[in-house]
Amino acid sequence: MAVTVYRSRHALRGPLTPDRIAALPLPLTRRGRRGYRVDEVDALLHRLAFELQRRVRERDDVRAENQRIKGALRSWQSEQRTYQAP
């Protein structure tokens, strides 16, 4: 089965970061045409940036906790080998 990838000439390249989302310029519609309200789009972008930053912080916290646990396990294993050596 073929996978279709959406590509746009206006798409962001590279990883999405909170700063890039918050600063993303969206084109305005011409006068007299329907479109989104600028303040609502800006509010959504800021909310997305906030949520992404929160998730990045949570991921970083989990990674740091994993490193702490791995270090404690290595230390405990070394202590166990020391006690069991003849």
Side-chain angles (χ1 to χ4, degrees):
M1 177 197 309
V3 176
T4 304
V5 177
Y6 174 77
R7 297 190 189 278
S8 169
R9 61 189 167 110
H10 299 293
L12 288 172
R13 298 202 187 277
L16 290 177
T17 63
D19 293 336
R20 289 184 72 197
I21 290 174
L24 181 64
L26 296 176
L28 299 174
T29 58
R30 294 183 203 147
R31 280 187 80 83
R33 296 196 62 188
R34 292 184 182 195
Y36 296 104
R37 293 183 184 177
V38 176
D39 56 338
E40 290 180 7
V41 172
D42 286 344
L44 176 61
L45 290 175
H46 287 287
R47 181 176 176 193
L48 287 171
F50 176 79
E51 289 293 325
L52 182 59
Q53 184 60 44
R54 183 178 61 84
R55 290 174 193 260
V56 166
R57 275 194 311 270
E58 287 174 356
R59 184 204 62 204
D60 292 345
D61 291 346
V62 167
R63 286 182 177 172
E65 180 68 7
N66 286 343
Q67 290 300 318
R68 187 191 68 77
I69 291 170
K70 286 179 183 179
L73 179 59
R74 283 188 202 107
S75 177
W76 180 81
Q77 288 173 332
S78 293
E79 289 173 10
Q80 296 305 310
R81 277 189 231 121
T82 303
Y83 292 133
Q84 294 174 356

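Below, each value reflects all heavy atoms present in this structure, side chains not excepted, and no hydrogens, waters or symmetry copies.
- A search for salt bridge (Lys or Arg N to Asp or Glu O under 4.0 Å) contacts involving Glu79 returns nothing, not counting sequence neighbours.
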Which side-chain N or O atoms in residues 41-52 pair as donor and acceptor under 3.5 Å with protein atoms at least two apart or in another chain?
| residue | atom | partner | partner atom | Å |
| --- | --- | --- | --- | --- |
| Glu51 | OE1 | Arg54 | NE | 3.4 |
| Glu51 | OE1 | Arg54 | NH2 | 2.7 |

Check residues 66-76 and write down every donor-acceptor pair under 3.5 Å in which the side-chain atom is one partner and the other belongs to a residue at least two apart or another chain.
| residue | atom | partner | partner atom | Å |
| --- | --- | --- | --- | --- |
| Arg68 | NE | Glu65 | OE1 | 3.2 |
| Arg68 | NH2 | Glu65 | OE2 | 2.7 |

